Amino acid sequence: MQRDAVLLVTLICEKGAVESYSLTITVTIINLNDNSPVFKETSVTKVVPEDAKVNSTIIARENVSATDADLDIIYYKLNSTVQNTSDYFAIRGVNNPEIYLQKALNYEKFNSTTLLLYAMDNTEGTNAIIHTATATINIIIEQADTRPPWFLPCTFIDADRSICIGSTYTGRVNMSEMSTEPLTLEPGPIYAIDPDYMFNEKIVYSIVGGNADNVFSVDADTGNLTMNKVATSPNSYRLQVMATQVNNKQKYSIANVEIQVINKSNHAPYFESRTYAGTVFVGLNPRSFVFQAGDSSSPLMIAALDDDFPDKVNPNIEYYIRNSTNFIATKDGLILTNVMLQSPGTAIMEAVAKDTVSLQEGSTVVTVEITAAKAETPSSSDKIYTAQDMGILGGILAALLLIALVFLGLMIYKQYGMTVKFLINKKFSKDFPGSYDNQAYKQDEHPDLSANKQESPEYINVTKIQQQSLSSRSSTEQEIQGLQQTSSVPTVISDQQVEEEEEEEEEKMEEDTKHEKEVKSILKTDRNEGDPGYKAVWFKTDVDPSGENVQVINDSAADYDDDSDQDMRENEKEEEDYKDDHYRGPGTSPASDSSPFQVSVNMSPRGDSHA
C-alpha cells in the first residue's frame with residue numbers, strides 16, 4: 001500500500017423517485033511503521049591499497065544502501081570495531097551511506113579493520129519506534145610501495161614510524177697506504193632496506209658526491225666501500241652514498257660517509273699492568289670513586305701506553321668498561337661506580353683503552369672489592385651548621401672582638417695616656433695663654449686711668465719647674481715667651497742645662513720689647529735698693545734668705561689667689577707625672593728630681609715701675 005493513501009466515499013440518500021441526497025466522505029489510510037530497513041548485502045569485504053588517496057570512495061552508495069517497506073526515510077551511522085581506526089573511514093552524510101577515506105593509511109599501524117553500518121527508519125532521540133538494520137564491512141589494507149629505502153641503523157622521528165633517519169658512517173684510512181679490503185665503518189657497514197618489506201624491492205648503491213680524485217668506490221649490490229688509490233691529502237673525505245630502488249629510481253635515500261685520513265698506527269694501546277685492584281664501599285652514590293686497594297686516599301686509575309708516541313702517551317685514547325654496567329671509566333682512566341652498590345662482593349671486569357683515531361684497542365682486568373661501609377663518626381668538617389649555630393658563633397666573635405678592643409684601649413691609655421693629656425694641655429696653653437697668667441697683673445699692665453688704682457701687690461709663686469728633655473724645654477720656652485709678651489714680667493727658668501737657650505731668648509725678648517719698656521736683668525744676685533720699682537728673682541739655693549729685702553713665699557702661702565694657685569698646682573702635677581714617666585733625661589738623677597727650685601717673684605704696682 002502506498003503511504004498515506006486517500007479513499008473517497010459518497011453516501012446517497014433517496015426519498016421516493018424524485019428526491020435524493022449525497023454526502024462525500026474522505027478516508028486517509030495511514031502507513032503503520034511495522035517494517036525494518038533491509039541492506040542488499042549485510043556483509044561486505046573491501047581491499048584497500050595503503051596508498052589510497054585521501055577523500056577517495058572506498059565503497060559506493062548503491063552497495064551499502066538499505067530499503068524500507070514502509071517507505072520511511074533511512075538514516076545511516078558508521079562505527080569501527082577496531083581501536084584507533086574509526087577516524088580513517090566515514091560516510092558522506094546521514095542519509096548517504098557512501099564510505100570514503102578521510103585519513104591516509106599506514107600499513108605499519110594496522111592492516112585490517114571492521115566497520116559497522118547502521119540503517120534506521122527514524123532519527124535517534126525521538127519517542128517514535130525505530131527499526132534498525134546493520135551491515136558489516138570488512139576492510140583489508142594492502143601494503144603499497146610508498147617509502148624510499150632506509151639506511152640502517154636509523155632512528156624514527158614520528159609516532160607513526162613512517163620516517164626513519166639514518167646516522168653518518170665514519171671510517172679511517174692510512175695516508176699513502178692502499179687498502180684492498182672493504183673499509184671498516186662505524187656504526188656498521190653501508191646497508192639499506194626497502195621499508196615496504198612486503199615488496200622488498202632490490203636496492204643498488206652509488207657514490208654521488210664528495211669523492212675527490214675518485215679515491216673510493218662502492219659496490220652497487222653490497223654497499224662495501226673500497227679504495228681505488230692511496231690518499232695523499234690529510235683532509236677528510238665526506239662522501240654521499242645513494243641507495244636507490246631498482247624498480248623505481250625516484251625512491252632513493254642518501255647517507256653521509258666521513259673518511260678520515262690519518263698517519264699509520266703501528267702499535268695498539270696496551271697496559272703495563274695486566275690487572276688492577278681497587279676497593280669501594282657499599283651504599284655510595286653513583287659516580288663515586290673506586291680507590292686503590294690498600295690506599296683509601298688514592299682513586300684507582302688505569303693508564304694505557306702507545307709505542308707510536310715518543311712519551312708513550314696517546315691523547316686520543318678513551319677508556320670504557322666492557323662487561324659490567326655497575327662501573328664506568330672516565331676519559332682520564334678513573335674508575336667510578338655507575339649504580340649504588342647494595343651488597344659486599346668482588347667485581348671482575350674488563351677495562352678497554354681505545355684509540356679513537358686508529359680504532360685500535362687494548363684491555364686489562366680490573367678487580368674491585370666491594371666492602372661494607374665503616375661506621376665512622378662524623379668529623380667537624382662534615383657537620384652541617386644551621387643558621388642558629390652561625391648566629392651564636394657571630395655573637396661570640398663579636399663579644400671577643402669588643403673585649404679585645406677594650407683591652408687594647410686600656411693598654412694604649414696606660415702607655416700613652418699621660419703623653420696625650422700633656423699634649424692636650426700644651427695645646428690649650430697655646431690657644432689660651434691667659435689661662436696661665438695672673439689675670440690681675442694682666443689688667444694692671446694697661447690700667448684704665450678712670451678707674452681707681454689699687455696699690456696691693458700681686459704675687460706669683462712658681463714651683464717645681466723641671467725640664468728633662470728637649471720637648472719639655474720647648475714647651476717651657478713657649479710659656480715664658482707668652483708671659484713676657486702679655487705682662488712684661490720676667491720669667492724664671494731653673495734648668496741649668498739650657499742656659500745658652502735662655503741667653504738667646506733674653507736677647508730676642510729685649511729687641512721685641514725695646515719700644516715699650518726697658519727690661520732689666522733678672523739674673524743679678526744683688527738688689528738695687530735705689531729703684532723701688534725694680535723686680536728681681538732670686539734662687540733659694542743662691543741667696544741667703546736672711547738677707548735684707550728678700551722675701552721667700554712658700555707654696556702654702558695664704559695670700560695666693562685660690563683659683564690661680566689651684567690651676568698652677570694641677571698643671572705642675574701633670575707636668576711632673578709626664579716628665580717622670582716619659583721625659584726623664586739620661587743624665588738626670590733621682591736626687592735632682594726630688595729637690596725642685598722654689599722661686600719668689602715680688603711684683604709692685606705698675607705705677608711704681610721705672611720702666
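Since we're looking at a predicted model, the values are computed, not measured.
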K.L.:
Name all pairs fulfilling the salt bridge (Lys or Arg N to Asp or Glu O under 4.0 Å) condition that reach into residues 170-197, sequence neighbours left out, sorted by first residue then second.
P.N.:
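Qualifying pairs: Arg147-Asp196, Glu177-Lys264.
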K.L.:
How would you list all residue pairs meeting disulfide (SG to SG under 2.5 Å) that involve residues 146-216, not counting sequence neighbours?
P.N.:
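Pairs touching residues 146-216 that pass the test: Cys154-Cys164.
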K.L.:
Testing the basics here: between Leu225 and Ile207, what is the closest heavy-atom pair and its distance to 0.1 Å?
P.N.:
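Closest approach of Leu225 to Ile207: CD1-CD1, 3.9 Å.
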K.L.:
With sequence neighbours excluded, give me every side-chain hydrogen bond (donor to acceptor under 3.5 Å, both in side chains) pair touching residues 286-303.
P.N.:
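As it turns out, the side-chain hydrogen bond (donor to acceptor under 3.5 Å, both in side chains) pairs with a partner in residues 286-303, which skip direct neighbours, are Arg287-Asn338, Asp295-Ser297, Asp295-Ser298.
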K.L.:
In Å, rounded to the nearest 0.5 Å, how long is the span from OG1 of Thr123 to CD1 of Ile130?
P.N.:
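So the OG1 of Thr123 and the CD1 of Ile130 are separated by 6.5 Å.
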K.L.:
Which residue pairs pass the disulfide (SG to SG under 2.5 Å) test with at least one member in residues 303-368, sequence neighbours excluded?
P.N.:
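Qualifying pairs: none.
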K.L.:
To check you understand the geometry: which heavy-atom pair defines the closest contact between Phe151 and Ala243, and what is its length?
P.N.:
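Result for this residue pair: CZ-CB, 3.3 Å.
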K.L.:
So how far is it from Ile335 CD1 to Phe327 CZ, rounded to the nearest 0.5 Å?
P.N.:
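Nearest 0.5 Å value for the CD1-CZ distance: 9.0 Å.
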K.L.:
Taking atom types as modelled, is there a side-chain donor on Ser80 or Thr85 under 3.5 Å from an acceptor on the other?
P.N.:
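Distance-only check passes for Ser80 and Thr85.
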K.L.:
Can you list every pair that meets ring-ring contact (aromatic ring centres under 6.0 Å, His included) and has a residue in residues 178-220, with sequence neighbours left out?
P.N.:
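Applying ring-ring contact (aromatic ring centres under 6.0 Å, His included) to every pair that reaches into residues 178-220, excluding sequence neighbours, yields Phe216-Tyr237.
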K.L.:
Will you find, in the side chains of Glu108 and Ser162, an N or O donor that is under 3.5 Å from an N or O acceptor?
P.N.:
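Looking only at side-chain atoms, Ser162 and Glu108 do not form any donor-acceptor pair under 3.5 Å.
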K.L.:
Scan side-chain atoms only and decide if Asn323 and Glu350 contain a donor-acceptor pair under the 3.5 Å cut-off.
P.N.:
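The answer is no; no qualifying pair exists.
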K.L.:
Verify whether one side chain among Asn211 and Gln240 offers a donor that lies under 3.5 Å from an acceptor in the other.
P.N.:
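No donor-acceptor contact under 3.5 Å links the two side chains.
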K.L.:
Does a side chain donor of either Asn174 or Asn263 reach within less than 3.5 Å of an acceptor in the other side chain?
P.N.:
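Per modelled atom types, Asn174 and Asn263 side chains form no pair under 3.5 Å.
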K.L.:
What distance separates Lys46 NZ from Leu115 CG, expressed to the nearest 0.5 Å?
P.N.:
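Reported to 0.5 Å precision, the distance equals 13.0 Å.
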K.L.:
Return yes when atom CG of Leu8 has more than 12 non-hydrogen atoms of other residues, nucleotides or ligands closer than 6.0 Å, and no otherwise.
P.N.:
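Atom CG in Leu8 is packed in, count exceeds 12.
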K.L.:
Can you give me the closest heavy-atom contact between Tyr76 and Ala119, atom names plus distance?
P.N.:
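So the two residues come closest at CE2-CB, 3.8 Å.
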K.L.:
Any salt bridge (Lys or Arg N to Asp or Glu O under 4.0 Å) pairs touching residues 250-261, not counting sequence neighbours?
P.N.:
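Every salt bridge (Lys or Arg N to Asp or Glu O under 4.0 Å) pair that includes a residue of residues 250-261, provided the two are not neighbours, is Arg238-Glu258.
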K.L.:
How would you list, by chain and number, every residue that makes a side-chain contact (heavy atoms from CB on, under 4.5 Å) with Thr184, sequence neighbours excluded?
P.N.:
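Expected list: none.
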K.L.:
Checking side-chain polar atoms at under 3.5 Å, does Ser233 have a donor or acceptor matched by the opposite partner on Asn235?
P.N.:
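Side-chain D/A pair, Ser233 to Asn235: present.
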K.L.:
Just verifying a value: how many Å separate Leu397 CG and Leu402 CG, rounded to the nearest 0.5 Å?
P.N.:
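If we round to the nearest 0.5 Å, Leu397:CG and Leu402:CG are 12.5 Å apart.
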K.L.:
Which residues pass the side-chain contact (heavy atoms from CB on, under 4.5 Å) test with Glu361, sequence neighbours left out?
P.N.:
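With neighbours one apart ignored, the set is Tyr320, Arg322, Val352, Lys354.
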K.L.:
Rounded to the nearest 0.5 Å, how far does OG1 of Thr10 lie from CG of Leu23?
P.N.:
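Reported to 0.5 Å precision, the distance equals 8.0 Å.
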K.L.:
side-chain contact (heavy atoms from CB on, under 4.5 Å) with Ser217: which residues, sequence neighbours excluded?
P.N.:
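Partners of Ser217 by the side-chain contact (heavy atoms from CB on, under 4.5 Å) criterion, ordered by chain and then number, come out as Thr226, Asn228.
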K.L.:
Under a 3.5 Å cutoff, is there a donor and acceptor pairing between the side chains of Gln360 and Ser265?
P.N.:
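There is such a pair between these side chains.
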K.L.:
For residues 270-282, which residue pairs pass the side-chain hydrogen bond (donor to acceptor under 3.5 Å, both in side chains) check, not counting sequence neighbours?
P.N.:
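For residues 270-282: Tyr270-Asp307.
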K.L.:
Go through the structure and list residues passing side-chain contact (heavy atoms from CB on, under 4.5 Å) with Pro189, not counting sequence neighbours.
P.N.:
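Scan of Pro189 (side-chain contact (heavy atoms from CB on, under 4.5 Å), adjacent residues dropped) gives none.
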K.L.:
Got a second to check how far Leu284's CG is from Leu336's CG, nearest 0.5 Å?
P.N.:
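Between atom CG of Leu284 and atom CG of Leu336 there are 11.5 Å.
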K.L.:
Counting only heavy atoms not in Met198, do more than 12 fall under 6.0 Å of its CE?
P.N.:
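Atom CE in Met198 is not packed in, count stays at 12 or less.
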K.L.:
Between Phe110 and Tyr88, is the ring centre distance below 6.0 Å?
P.N.:
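Yes; Tyr88 has its ring centre under 6.0 Å from that of Phe110.
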K.L.:
Only counting residues at least two apart or in another chain, list the ones meeting side chain to side chain donor-acceptor pair (under 3.5 Å) with Lys109.
P.N.:
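For Lys109, the residues satisfying side chain to side chain donor-acceptor pair (under 3.5 Å) (neighbours in sequence not counted) are Asp160.
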